[in-house]
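Everything below concerns the one structure shown next.
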Amino acid sequence: MSSELIQSIINVLSWTVLIYMILVILFYSSLYLISAQMVRKQRFRRKESSYLPLMRSLYTRPVSILVPAYNEEYTIITSVQALLALDYPEHEVIVINDGSSDGTIEQLFKTYELEKDLRFPRILIGSKPVKAVYRSRIDARLIVIDKENGGKADALNAGIDYSSYPYFCSLDADSVLERDALLKVMKPIVESDEEVVATCGSIFLVNGCTIEGGEIVEIRTPKQRIVLMQMIEYFRAFLFGRLGLSRFNLLLIVSGAFGLFQKDIVVKAGGYKEGLVGEDMELVVRLHRYMKENQLNKRIEYVPSPVCWTQAPETMEVLRSQRTRWHRGLAETLWAHKRMIGNPRYGFVGSVSMLYFFLIELLGPIVELIGYFIIPLNLLVGTLNFEFGIVLLTVALLYGSLLSAGAVLLEEWTMHRFKNVKELIRLYLWSLTESFWYRPILVFFKLGGLIQFMTGRGQWGKMERQRLDEVAATDEKIK
């Protein structure tokens, strides 16, 4: 291969990376401006008092909270305590023990005095065999389903079959909802006269916080740098990523950690699909597809104020396993619904949202990896002039850092949860370092997920849990 051809290839790659990153920055900046405008409007609405009438309203629908649990003995009790204490007029908590091999169900028996319950399912979707159904003697709102292991999607389908109410909320077993979170995610459904069929709230990290009786009593930033960067990343993903997409009914992800759905439409769409690691995103994409193909004028919305607190990986190995799995799940979902990508038949969901997730979220790590090597390669071959190199390097560094810094500021403007100014400054300063170390790490993790998808390999991976009331204590030891 001649040197001229090599130089031409390098130049093409350089310009491709530069144009790609500029377009991505413009897209994200647009989302940021849209989100900031929406936040500004919400700040001038009525505050907490606007949710109080929902407690007494006849239009506030009862909700079944589904908690799939597999080996969650360290977190399940704290999570159930928080769910039973929610400010909501009528709800039930259904824990689905998905063949746990630890003491998950024993903890529930010990704490809530379970007894067998004669509850028969409406087989709407189907699941692996259920061994027994129990109800708590202490609080009759708690139902425990003990079934054979079938995975998270299968457990959720079982919960839907056994649920009593027209709406269900899917929740991870290591999650803690704020007391008014369920009211807040239900509000768009009530106000839209059920035009909204699914909603979700924000996911914040419990690492570093203090929990008592299933409630967050003190919010602090985690001391581990890897967890701190995940917190910043969550701000960016939720507060202007999902909020901006939600504005135009383009939201494709309702997190499995906290999402509220109209049961009837989920059943008609086929329930959760088994055998995928991204069952939450796949369900939302299928709901959009079902609504477009059946010409239903329905919406899926993100509500920033309700918050679900969950644990984040505290080691690089667990983070790698999680992000590899997430990216593999994204690839599986896009492949399963590939006919929607760029297809105008599905409106802006197909021509904008699906295209965005394919070009930016799925293929983005490949372009970024090329970008990391293109500047030194240019210098080595001698094809890079100084001005172009400065522009490419500046864009590469601004790609994530300034957007993340903006997300921290948006969080402070929206939520104002961090009362300590030093912690807020710490968050902001660390957000500016993202492109120098954290983002490249994620790029390699995501590429691993893409390789697993293409080769048909990969496992679910293990998320190491701690007792939720011990997470903060562990964080204190790191100081």
Side-chain angles (χ1 to χ4, degrees), residues 66-72 94-101 104 121 123-131 145-163 168-174 198 200 252-259 261 263 265-291 293 300 318 320-341 354 357-358 361-362 445-463:
L66 309 184
V67 186
Y70 176 73
N71 292 348
E72 299 285 358
I94 302 179
V95 177
I96 307 101
N97 181 48
D98 191 41
S100 297
S101 57
T104 298
I123 306 300
L124 304 172
I125 304 171
S127 68
K128 290 290 180 66
V130 170
K131 301 176 185 177
I145 299 172
D146 188 21
K147 63 178 288 292
E148 294 182 7
N149 179 261
K152 185 177 179 180
D154 187 76
L156 286 167
N157 287 337
I160 292 172
D161 283 350
Y162 278 87
S163 63
F168 72 88
C169 176
S170 62
L171 199 73
D172 284 348
D174 67 325
C200 63
L252 295 189
I253 299 179
V254 170
S255 175
F258 181 31
F261 297 87
K263 183 166 69 175
I265 196 167
V266 170
V267 170
K268 288 178 180 177
Y272 287 90
K273 188 174 181 178
E274 300 173 33
L276 299 177
V277 295
E279 77 291 326
D280 47 359
M281 179 181 181
E282 195 280 331
L283 173 63
V284 176
V285 173
R286 188 151 30 86
L287 286 176
H288 276 293
R289 184 171 180 172
Y290 176 83
M291 291 186 293
E293 291 178 349
I300 297 174
V318 178
R320 181 198 64 78
S321 176
Q322 182 196 67
R323 298 314 171 88
T324 299
R325 182 176 72 246
W326 284 3
H327 210 67
R328 190 169 88 245
L330 171 62
E332 288 176 349
T333 297
L334 293 177
W335 177 255
H337 300 280
K338 54 185 177 294
R339 64 176 297 179
M340 294 177 66
I341 300 175
M354 289 291 287
F357 274 94
F358 176 69
E361 294 293 340
L362 184 67
F445 291 168
K446 291 176 180 179
L447 287 172
L450 202 53
I451 292 171
Q452 287 184 0
F453 168 73
M454 295 174 68
T455 59
R457 299 178 180 178
Q459 299 177 344
W460 180 266
K462 183 179 181 181
M463 174 64 186

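Starting from 1, each residue takes its place in the sequence as its number. Here the structure is a predicted model, which means the values were calculated and not measured.
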Taking the side chain from [X] and the backbone from [Y], do they hold a donor-acceptor pair closer than 3.5 Å?
X	Y	result
Arg289	Met340	no
Asn157	Ser127	no
Ser170	Leu66	no

Interatomic distance, [X] atom [atom1] to [Y] atom [atom2] [nearest 0.5 angstrom]:
X	Y	atom1	atom2	value
Leu252	Arg286	CG	CZ	13.5 Å
Leu124	Asp161	CG	CG	5.0 Å
His288	Glu293	NE2	CD	13.0 Å
Leu276	Leu283	CG	CG	11.0 Å
Lys446	Thr324	NZ	OG1	11.0 Å
Phe453	Leu330	CZ	CG	9.5 Å

Could you work out, with side-chain hydrogen bond (donor to acceptor under 3.5 Å, both in side chains) as the rule, every residue matching [X], not counting sequence neighbours?
X	answer
Asp280	none
Lys131	none
Ser163	Lys263
Lys147	Asp98, Asp154

Hey, does [Y] have a side-chain heavy atom less than 4.5 Å from the side chain of [X]?
X	Y	answer
Cys169	Phe258	yes
His327	Leu450	yes
Asn71	Ser101	yes
Ile160	Val266	yes
Ile145	Ile94	yes

Nearest atoms (heavy-atom pairs only) where [X] meets [Y]:
X	Y	value
Val254	Ile300	CG2-CG2, 3.8 Å
Gln452	Arg328	OE1-NH1, 2.6 Å
Ala269	Leu287	CB-CD2, 3.8 Å

Ring pair (Phe, Tyr, Trp, His ring centres under 6.0 Å) against Phe261, all qualifying residues, sequence neighbours excluded: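 Applying ring pair (Phe, Tyr, Trp, His ring centres under 6.0 Å) to Phe261 gives Phe168.
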Who pairs with [X] by side-chain contact (heavy atoms from CB on, under 4.5 Å), at least two apart in sequence or on another chain?
X	value
Ala153	Tyr272, Glu274, Glu279
Thr333	Met281, Glu282, Val285, His337
Ala257	Asp172, Ser175, Ile203, Ser255
Ile451	Thr455

Knowing that exactly one of Leu156, Asn97, Val95, Leu171 qualifies, which makes a side chain to side chain contact (heavy atoms under 4.5 Å, CB included) with Pro68?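 Per the side chain to side chain contact (heavy atoms under 4.5 Å, CB included) rule, the option paired with Pro68 is Leu156, out of Leu156, Asn97, Val95, Leu171.
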Assess whether atom NZ of Lys338 is packed by more than 12 heavy atoms of other residues, nucleotides or ligands within 6.0 Å.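 Enclosed.
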